[in-house]
Trainee: 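Let me give you the structure first, and then I'll get to my questions.
Not measured: the values here are computed from a predicted model. Numbers here are sequence positions counted from 1.
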Amino acid sequence: MGRGKLRIYLGAAPGVGKTYAMLSEAHRRVERGTDCVVAFVEHHGRPRTEVMLHGLEQVPRVELTHRGGAFTEMDVDAVLRRAPAVALVDELAHTNVPGSRNDKRWQDVEELLAAGIDVVSTVNIQHLESLGDVVESITGVRQRETVPDEIVRRADQIELVDMSPEALRRRLAHGNVYQPDKVDAALSNYFRPGNLTALRELALLWVADRVDEYLQRYRSEHQVSRIWGSRERIVVGLTGGPEGRTLIRRAVRLAEKGAGGEVMAVYVARSDGLTSASPKELALQRTLVEDLGGTFHHVVGDDIPAALLDFARGVNATQIVLGSSRRKTWQYVFGPGVGATVARESGPDLDVHIVTHGQIAKGRGLPVARGARLGRARIVSGWLMAVAGPALLGLLLSTVDLGLANDMLLFLALTVAAALLGGLLPALASAAVGSFLLNYFYTPPLHRLTIADPKNIVAIAIFVGVAVSVASVVDLAARRTHQAARLRAEAEILSFLAGSVLRGETSLEALLERVRETFGMDSVALLERQSDVDPWTCAGRVGADRPLQRPEDADVDMPVGDHMALALTGRVLPASDRRVLAAFAAQAAVVLDRRRLQEEADRARALAEGNRIRTALLAAVSHDLRTPLAGIKAAVTSLRSEDVEWSEEDRAELLGGIEEGADRLDHLVGNLLDMSRLQTGTVTPLIREIDLDEVVPMALGGVPEDSVELDVPETLPMVAVDAGLLERAMANIVENAVKYSPARARVLVSASAIADRVEVRVVDRGPGVPDDAKDRIFEPFQRYGDAPRGAGVGLGLAVARGFAEAMGGTLGAEDTPGGGLTMVLTLRAAGPRPGQDGPAPDRAQPDRVEPDRPEPGRAEPGRAGADRPGPDGRAQPDRPEGAQSSPVHPERQVS
């Protein structure tokens with residue numbers, strides 16, 4: 001019996017409907033008469049999924065006990081005894097209860113497949129082993145249940161089950177995935193739009209790679225050499241000339257006309273390393289194509305048209321873009337050119353575009369070969385072998401008569417040895433000396449420079465020819481070896497430069513240090529001046545302390561434009577190194593310009609911010625501070641008036657107005673001082689490890705007793721914060737939420753641990769804030785649109801965010817599911833509590849994850865046994881006595 005086939009429904013996220021799709025496929029197979037059974041399917045209480053199980057035969061599960069709890073798993077033996085044609089096995093990454101037949105469910109599936117049973121299974125993208133780190137960085141949750149990628153790759157069929165984040169969130173909101181009491185927490189944690197979008201992208205990319213692998217394997221197995229235009233792939237042939245940028249942009253425009261188009265720029269270098277391409281221009285073109293979303297490739301080939309076509313067919317390209325030839329008219333006598341040859345040999349499946357440019361018929365320089373590099377010791381040995389070797393061999397042969405043929409072979413062997421050691425010139429010298437000795441001592445008539453027998457003339461001529469040929473081959477091989485090593489080093493250097501450009505590195509000193517290390521120099525300096533008559537100034541320098549006054553004082557200088565130069569001291573560089581040095585010099589100039597532009601932008605931004613804050617401060621002082629002062633002045637004047645007899649109630653009301661106005665002034669001035677400290681960078685937090693439940697209740701003293709519901713579990717890890725700054729930030733956030741919540745709706749303050757951080761969420765049911773204003777509410781002097789002018793100067797949330805960032809945390813805003821605004825304060829966790837490895841589960845159970853049921857509030861799908869209740873069941877601790885109100889007055893800030 002053959003091995004069974006595996007079909008996998010791959011879900012982009014929990015709840016997209018992969019189990020439903022698997023059951024629908026089962027019903028279709030049963031209707032066609034296929035023997036199909038349910039080996040293990042978990043419906044998770046979803047009515048629509050449960051209905052799909054009706055009408056399908058289900059194999060009874062096996063019951064297991066673990067830590068006092070009863071669990072059910074797939075009965076592999078029962079399925080093997082039943083021996084159906086197709087078995088449905090849900091949750092391929094599931095970890096079996098200890099005591100099961102196998103540790104993992106995918107191992108159970110392997111047994112079924114080995115028995116010849118076809119299996120239909122499901123798995124989510126976040127459970128693939130290779131994506132564990134990526135998923136953790138996105139969601140903050142480390143998936144404990146994973147399946148090896150190879151298991152999924154070997155599947156005979158993979159079907160992606162996908163859904164847009166908006167549609168999936170609507171499914172959750174309608175109660176199609178979780179119970180209603182868990183929906184809000186799920187939407188606020190794991191099922192955020194950003195998380196779902198990232199997971200969806202991972203799934204699409206992973207499946208696309210698998211489809212491409214299947215296509216390549218099919219083409220290889222069926223020996224398909226023709227190009228299949230499944231999607232547009234455009235190859236751009238570069239020569240290293242300035243026209244390359246025009247070709248790249250033209251290719252990108254062609255790719256944009258079709259869906260999924262790719263651009264691949266290719267530079268073909270000769271195998272001997274000889275090239276007239278500009279390294280600086282190639283680096284610029286590489287940066288350009290990668291910035292435009294393409295890729296750069298460097299290939300080697302002596303036949304440029306054949307190399308281009310081989311590369312294009314190898315990547316299944318559909319188009320080639322080439323530039324019109326730069327050769328002059330007379331140069332066409334040597335051949336039709338690369339463009340014409342590629343167009344002729346491309347065939348019917350590969351389109352060739354010849355693009356005109358400004359460098360047509362302007363000619364190209366010819367490459368110049370470098371000399372060989374054999375080393376001094378080898379050259380000396382070769383000359384000794386070439387000069388002394390024939391003489392010693394002649395003395396030896398004078399005592400033994402071996403015949404002319406053997407004498408010539410011995411001299412030839414000596415010449416080959418000289419070629420192997422010293423290269424071309426020693427071998428030629430050895431051939432000349434050897435031919436002279438053969439003619440004078442061993443070729444009749446002896447001791448005369450004449451040859452009687454014409455056959456001996458041919459033999460000596462062949463001897464000289466073979467000697468010269470061998471010497472030429474050895475010399476050429478040595479030269480090519482040196483060129484290959486040098487080109488490899490240059491390629492690595494240029495790759496470093498291109499990578500630094502892509503990474504946006506702006507450290508001039510680091511680049512100059514790289515130049516110094518690469519060329520083994522004592523010091524490197526970048527000099528510049530404003531004009532031809534101005535003195536040189538140093539923009540950056542590394543190495544020796546001796547400063548350079550001008551480029552002429554350096555051992556090596558490389559001009560960069562008209563008024564900038566790279567100066568190096570230590571030794572004189574050969575001309576062959578200046579090409580790479582030119583690329584470094586160009587990059588140094590770019591880094592310097594970028595750094596200066598960044599500094600100018602920072603100064604302009606600081607000036608603009610200062611002007612804006614000063615303008616807003618004047619407006620605040622002119623109105624918001626004047627209003628409470630006017631109220632205090634009016635109340636005091638009324639109390640001092642002798643014309644009116646005030647009752648005790650009236651006097652108490654006027655005094656209360658004075659106190660309220662003074663409190664408002666104190667709050668406003670306190671926020672102004674806090675904002676000033678943040679703007680000037682004088683906030684220095686005292687970071688220490690504390691418990692959230694010690695600080696958060698202290699920040700609630702300024703709000704009404706029944707306006708806040710507090711849920712801060714005691715099992716949370718400690719946080720590394722400044723207690724005072726955290727209390728003031730929380731006071732601003734909570735009072736702001738209370739002010740905008742409906743009359744009888746309580747604000748929820750909850751906290752949870754996610755990876756190495758702790759999130760504090762302040763949830764209100766107020767009017768909310770539009771998406772385009774969520775960033776502006778944290779700017780200074782911004783208030784909610786309909787807030788009265790006397791409600792504050794708009795600094796509360798700006799101060800809260802400033803304090804959060806000063807402690808190494810973040811503060812952001814999200815929509816509350818069902819309406820309202822949620823403030824999310826993220827803090828750095830200091831680690832678990834002493835003597836505790838982590839949160840304790842509520843009940844004993846195996847370490848397992850059910851992929852389709854992420855526990856709301858913990859941002860982890862499938863974690864059985866929640867560490868805290870859902871949103872409707874959160875506990876609220878008693879408010880500690882003596883909690884003081886923060887002196888910070890919060891305002892919701894939207895322009």
Trainee: So Glu759 and Arg192, salt bridge (Lys or Arg N to Asp or Glu O under 4.0 Å) or not? Walk me through it.
Mentor: CA-CA 14 Å; Glu759 281 190 356; Arg192 300 175 187 175; 3.0 Å; yes
Trainee: Any side-chain to backbone donor/acceptor pair from Thr318 onto Arg233? Under 3.5 Å, distance only.
Mentor: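 Yes; judged by distance alone, with no hydrogens or angles, the pair exists.
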Trainee: Looking at every heavy atom in both Leu196 and Pro165, which two are closest together, and how far apart are they?
Mentor: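 Scanning both residues, the minimum pair turns out to be CB-CB, 3.8 Å.
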Trainee: State, to 0.1 Å, how close Ala93 and His127 come at their nearest heavy-atom pair, and which atoms those are.
Mentor: CB-CB, 3.7 Å
Trainee: Of the non-hydrogen atoms in Tyr20 and Arg48, which two are nearest, and what is the gap between them?
Mentor: CE1-O, 3.8 Å
Trainee: Can you tell which of Arg61, Arg101, Arg105 makes a side chain to side chain donor-acceptor pair (under 3.5 Å) with Glu73?
Mentor: Arg105
Trainee: Can you give me the closest heavy-atom contact between Ala317 and Leu350, atom names plus distance?
Mentor: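 For Ala317 versus Leu350, the nearest heavy atoms are O-CD1, 3.5 Å.
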Trainee: Considering all heavy atoms of both residues, which atom of Ala343 and which atom of Val352 are nearest to each other, and what is their separation?
Mentor: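 Heavy atoms of Ala343 and Val352 come nearest at CA-CG2, 4.0 Å.
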Trainee: Write down the atom of Ile320, the atom of Ala312, and the distance for their closest heavy-atom approach.
Mentor: CD1-CB, 3.9 Å
Trainee: How far apart are the C-alpha atoms of Val135 and Leu202, what are their side-chain angles, what is the distance that settles it, and do they pass the side chain to side chain contact (heavy atoms under 4.5 Å, CB included) test?
Mentor: CA-CA 9 Å; Val135 173; Leu202 281 179; 4.2 Å; yes
Trainee: Report yes or no: does Lys774 contribute a side-chain atom to a donor-acceptor pair with the main-chain N or O of Val769 at less than 3.5 Å?
Mentor: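 Yes, because the side chain of Lys774 sits within donor-acceptor range (under 3.5 Å) of the backbone of Val769.
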Trainee: Under 3.5 Å, is there a donor-acceptor pair between the side chain of Thr816 and the main chain of Thr822?
Mentor: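 Pair found, side chain donor or acceptor close to backbone of Thr822.
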Trainee: Are any of the side-chain heavy atoms of Arg67 and Pro98 separated by less than 4.5 Å?
Mentor: no
Trainee: Just by distance, do the side chain of Asp108 and the backbone of Val76 share a donor-acceptor pair under 3.5 Å?
Mentor: no
Trainee: In terms of the angle between their ring planes, are His297 and Phe311 parallel, tilted or perpendicular, with boundaries placed at 30° and 60°?
Mentor: tilted
Trainee: Can you confirm whether Ser121 sits close enough to Trp106 that some side-chain heavy atom of one is under 4.5 Å from a side-chain heavy atom of the other?
Mentor: no
Trainee: One pair to check against side chain to side chain contact (heavy atoms under 4.5 Å, CB included): Arg82 and Glu57. What are the steps and the verdict?
Mentor: CA-CA 11 Å; Arg82 172 64 175 78; Glu57 178 184 350; 2.9 Å; yes
Trainee: Any heavy-atom pair between the side chains of Glu159 and Ile8 that's under 4.5 Å?
Mentor: no
Trainee: Can any side-chain N or O of Asp764 pair as donor or acceptor with the backbone N or O of Leu821 at less than 3.5 Å?
Mentor: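 Side chain of Asp764 to backbone of Leu821: a pair is present.
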Trainee: I would like to know whether Arg154 and Glu110 meet side chain to side chain contact (heavy atoms under 4.5 Å, CB included); could you show each step before the answer?
Mentor: CA-CA 11 Å; Arg154 289 205 308 260; Glu110 286 292 307; 3.5 Å; yes
Trainee: Roughly how far apart are Asp815 CG and Asp771 CG, rounded to 0.5 Å?
Mentor: 5.5 Å
Trainee: A side-chain contact here means heavy atoms from C-beta on lying under 4.5 Å apart; do Met52 and Ser24 qualify?
Mentor: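 Yes. Closest side-chain heavy atoms under 4.5 Å.
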Trainee: Between Glu25 and Met22, is a side chain to side chain contact (heavy atoms under 4.5 Å, CB included) present by the stated rule, with each step listed?
Mentor: CA-CA 5 Å; Glu25 173 66 18; Met22 178 181 67; 5.7 Å; no
Trainee: Do Val41 and Thr19 make a side-chain contact, defined as non-hydrogen atoms from C-beta onward lying under 4.5 Å apart?
Mentor: yes
Trainee: Side-chain contact, heavy-atom cut-off 4.5 Å: Leu292 with Val263?
Mentor: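 They are not in side-chain contact.
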Trainee: Between His353 and Gln319 (side chain of the first, backbone of the second, donor and acceptor by atom type, cut-off under 3.5 Å), is there such a pair?
Mentor: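 It does not hold such a pair.
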Trainee: Out of curiosity, Met163 CE to Lys18 NZ, how far, rounded to the nearest 0.5 Å?
Mentor: 11.0 Å
Trainee: For the side chain of Asp756 and the backbone of Ala829, is there at least one donor-acceptor N/O pair under 3.5 Å apart?
Mentor: no
Trainee: Just by modelled atom types, is the Leu6 backbone N or O under 3.5 Å from a matching donor or acceptor in the Asp156 side chain?
Mentor: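 Yes, because the side chain of Asp156 sits within donor-acceptor range (under 3.5 Å) of the backbone of Leu6.
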Trainee: Could you walk me through whether Arg200 and Asp162 pass the salt bridge (Lys or Arg N to Asp or Glu O under 4.0 Å) test, one step at a time?
Mentor: CA-CA 7 Å; Arg200 188 186 192 195; Asp162 185 26; 2.8 Å; yes
Trainee: Okay, side chain of Asp149, backbone of Leu128: is any donor-acceptor separation there less than 3.5 Å?
Mentor: no
Trainee: Checking side-chain contact (heavy atoms from CB on, under 4.5 Å) against Val123, which of Ile151, Ile158, Leu92, Asp90 comes through?
Mentor: Leu92
Trainee: I want to check something: taking the side chain as every heavy atom from C-beta on, are Leu308 and Leu322 in contact at a cut-off of under 4.5 Å?
Mentor: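 Leu308 reaches Leu322 side chain to side chain.
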Trainee: How far does CG of Leu160 sit from CG of Leu204, to the nearest 0.5 angstrom?
Mentor: 5.5 Å
Trainee: If you round to the nearest 0.5 Å, how far is CD1 of Ile117 from NZ of Lys5?
Mentor: 15.5 Å
Trainee: Does CD in Glu63 sit with more than 12 non-hydrogen atoms of other residues, nucleotides or ligands closer than 6.0 Å?
Mentor: no
Trainee: Quick one: does Ser100's side chain get under 4.5 Å of Leu64's, heavy atoms only?
Mentor: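 Ser100 vs Leu64: side chains touch.
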